Every structure is written in structure tokens, then in C-alpha cells.
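A short worksheet on the structure shown next.
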Amino acid sequence: MLTITCHLLDCASHIPSPHHNQRPNPSDISLLVIHNISLPPGEFGGPYIEQFFQGELTSTAHPYFDEIREMKVSAHCLIKRDGAVVQFVPFDQRAWHAGVSSFEGRDQCNDYSIGIELEGTDDLPYTDLQYQRLAEVAKSIQHHYPAITASRITGHSDIAPGRKTDPGRSFNWKAFRALIR
Ligand SMILES: [Zn+2]
């Protein structure tokens with residue numbers, strides 16, 4: 001079990017993102033949303049996701065960066081291809097990952113959810129290290145925030161259908177759910 005102290009994962013690197021604010025009710029943390037991201041799209045291992053969530057994506061390394069550099073988004077955590085975890089926002093704060101969204105009829109999922117990004121794409125398989133780490137992180141989060149039951153772990157595409165596709169068909173929900181059972 002990974003330790004969570006003051007709403008931070010002890011196992012993670014901590015890179016604060018300015019893209020967050022207060023939750024309307026910090027004691028209502030009751031949903032876990034799984035995403036993917038890669039920058040540039042389909043490329044792994046660069047420093048760009050961290051820069052993007054910090055609002056410091058100034059590189060001209062790829063034309064796509066021009067389209068997104070003004071976006072103010074974040075997630076609580078990122079799990080990289082090697083299983084390394086970066087935390088950008090403490091869990092009791094509201095990260096900006098879900099956008100227009102709804103879970104079981106309740107809108108504004110950012111208000112009450114934790115967002116975890118996997119470094120990946122909708123089509124390329126995630127790594128075993130990512131599944132293992134995600135399962136460890138998810139179990140610790142569930143232990144610390146017991147309102148996040150197994151049925152309240154969902155994908156971005158499930159809370160923003162038609163608008164978002166991540167974590168994509170490459171994410172093996174069956175294998176992941178077996179790991180956290
Ligand atoms: Zn997403």
C-alpha cells in the first residue's frame with residue numbers, strides 16, 4: 001500500500017501545477033477518472049507533459065505545441081511508461097482534467113474526482129509497469145478516499161462521451177479491474 005500524506009502520494013515526484021483551485025467540498029472525493037496523454041501525440045519519454053501541466057510548454061519542438069500551449073489543464077497524477085509517478089495537484093484540490101463531464105447524472109466531475117493520466121495513446125498498449133503502478137495508486141486512493149468504490153473508477157470517455165476517447169480501446173479494463181480486486 002502506497003502512503004498518502006497530506007493528500008500527496010509518498011512514492012511520487014511532486015511537480016506543482018498552477019492549474020488547480022479549491023474543490024467546492026474538499027471532503028467529497030468520490031470518483032477516479034483515468035486518462036491518457038502523450039506529447040507530442042504518440043511520442044513518449046519527453047519532458048513536455050510536465051511542462052504542459054505547469055503552463056511552461058514553451059518549446060517549439062513540435063507544431064502541435066502551438067495549438068495547446070495556452071490551454072490550462074492538469075491532472076492529479078501522471079504515470080509514465082516506466083511506471084514513474086508524478087503528482088501535480090494534491091488530491092484535496094480540484095485539478096482541471098475532466099472538462100465538461102457527467103457521471104451518473106452529476107455534472108462537473110472535476111469538483112469531486114481525482115484524475116490520473118497514463119502516458120499513452122488510445123491505440124498503443126500500455127506497459128505492464130503502468131498497470132502495476134496504476135493499480136497500486138488506485139488501491140491507495142480507494143483506501144484513503146473510501147467513497148471511490150470500484151464502480152466509481154471510470155474513463156474520461158465515459159464521463160465525456162462523444163467529446164473524449166481516452167484512455168481508449170488500448171486500456172484493458174478487465175486486467176486493471178482484476179488487479180485492484
Ligand atoms: Zn482525458
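Note that the structure is a prediction, hence the values are computed from the model and not measured. Quick note: residue numbers are just sequence positions, from 1. Just so you know, these numbers use all the heavy atoms, side chains as well, and skip hydrogens, waters and symmetry mates.
Ion pair Arg94/Asp111 flagged as a salt bridge, since at least one NZ, NE, NH1 or NH2 atom sits closer than 4.0 Å to an Asp/Glu carboxylate oxygen. Salt-bridge annotation for Asp28 and Arg106: present, with a side-chain N of the basic residue lying under 4.0 Å from a carboxylate O of the acidic one. A salt bridge does not link Glu117 with Lys80: every distance from a Lys NZ or Arg NE/NH1/NH2 to an Asp or Glu carboxylate oxygen is 4.0 Å or more. For the pair Arg169 and Asp123, the salt-bridge criterion is met [side-chain N within less than 4.0 Å of a carboxylate O].
In terms of heavy-atom proximity, Phe91 sits nearest to Ile29 at O-CD1, 3.4 Å. In plain terms, the two heavy atoms of Val89 and Ser74 that are nearest each other are CG2-OG, 4.0 Å. Here the closest heavy-atom approach between residue Leu179 and residue Lys139 is recorded as O-NZ, 3.5 Å. When all heavy atoms are compared, the tightest approach of Ile114 to His76 is CA-ND1, 3.5 Å. When all heavy atoms of Ala147 and Arg152 are compared, the pair lying nearest together is O-CD, 3.5 Å. Taking all atoms of both residues into account, the shortest heavy-atom contact from Ile180 to Ala138 is CG2-CB, 4.2 Å.
Put simply, the side chain of Arg177 gets close to the backbone of Ala150: a donor and an acceptor are under 3.5 Å apart. Panel note: side chain Ser101, backbone Gly99; a donor-acceptor pair is recorded below 3.5 Å. Judged purely by atom type and a 3.5 angstrom limit, Thr127 uses its side chain to pair as donor or acceptor with the backbone of Arg81. Remark: the backbone N or O of Arg23 is not paired with any side-chain donor or acceptor of Gln93 at under 3.5 angstrom. Looking only at distances, no side-chain donor or acceptor of Gln108 sits under 3.5 Å from a matching main-chain atom of Val100. Looking only at distances, no side-chain donor or acceptor of Thr121 sits under 3.5 Å from a matching main-chain atom of Gly42. Of the possible donor and acceptor atoms, none in the side chain of Asp166 sits under 3.5 Å from a partner among the backbone N and O of Gly168.
Atom OG of Ser30 sits about 9.0 Å away from atom CG of Asn25, to the nearest 0.5 Å. Taking NE2 of His144 as the start and CG of Leu2 as the end, the distance is 12.5 Å to the nearest 0.5 Å. Taking CG of Asp128 as the reference point, atom CZ of Arg133 lies at 14.5 Å (rounded to 0.5 Å). Taking CD of Gln87 as the reference point, atom SG of Cys77 lies at 4.0 Å (rounded to 0.5 Å). The distance from the CD atom of Glu50 to the OG atom of Ser13 is 8.5 Å, given to the nearest 0.5 Å. Here the straight-line distance linking atom NE2 of His97 with atom NE2 of His20 works out to 13.0 Å at 0.5 Å rounding.
Counted within 6.0 Å of NE2 on His143, heavy atoms from surrounding residues, nucleotides or ligands total 12 or fewer; the atom is thus considered open.
Placement of Val85 and Ile37 in two distinct hydrophobic clusters is found when ILVMFWY residues are connected by side-chain heavy-atom separations under 4.5 Å, directly or transitively. Note on Ile79 and Val73: separate hydrophobic clusters, where clusters join Ile, Leu, Val, Met, Phe, Trp and Tyr whose side-chain heavy atoms are under 4.5 Å apart, directly or indirectly. Under the 4.5 Å side-chain contact rule for hydrophobic residues, Tyr112 and Ile116 do not share a cluster. Hydrophobic clustering places Ile148 together with Ile4 (ILVMFWY residues linked when any side-chain heavy atoms are closer than 4.5 Å, directly or through intermediates). No continuous path of hydrophobic side-chain contacts links Leu9 to Leu129 [ILVMFWY only; heavy atoms under 4.5 Å].
By the 30° and 60° cut-offs, the orientation of the rings of Tyr126 relative to Tyr131 is perpendicular. Taking the six-membered ring where the residue is Trp, His19 and Trp96 present parallel rings, their angle staying beneath 30° rather than reaching 60°.
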After noting the C-alpha distance and the side-chain angles of Phe44 and Ile49, does the key distance pass the side chain to side chain contact (heavy atoms under 4.5 Å, CB included) rule? CA-CA 10 Å; Phe44 305 140; Ile49 301 169; over 6 Å; no
Using the rule given for side chain to side chain contact (heavy atoms under 4.5 Å, CB included), can you reason through Val86 versus Phe53, listing the C-alpha separation, both sets of side-chain angles and the distance that settles it, and then say yes or no? CA-CA 11 Å; Val86 182; Phe53 287 167; over 6 Å; no
Give the intermediate values and the outcome of side chain to side chain contact (heavy atoms under 4.5 Å, CB included) for residues Leu118 and Leu134. CA-CA 8 Å; Leu118 299 170; Leu134 176 62; 4.2 Å; yes
Decide yes or no on side chain to side chain contact (heavy atoms under 4.5 Å, CB included) for Thr154 and Ile159, but give the supporting numbers first. CA-CA 8 Å; Thr154 192; Ile159 61 168; 3.7 Å; yes
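Using a 4.5 Å heavy-atom threshold, the side chains of Phe176 and Ile34 count as touching. Proximity of Pro16 to Phe88: side-chain heavy atoms (C-beta onward) are nowhere separated by under 4.5 Å. Residues Tyr64 and Leu39 have side chains in contact (heavy-atom distance under 4.5 Å, counting atoms from C-beta outward).
Counted by atom type alone, Thr165 and His156 present zero donor-acceptor pairs between their side chains at under 3.5 Å. In summary, the side chains of Asp107 and Ser102 do present a donor paired with an acceptor at a separation below 3.5 Å, with no hydrogens or angles considered.
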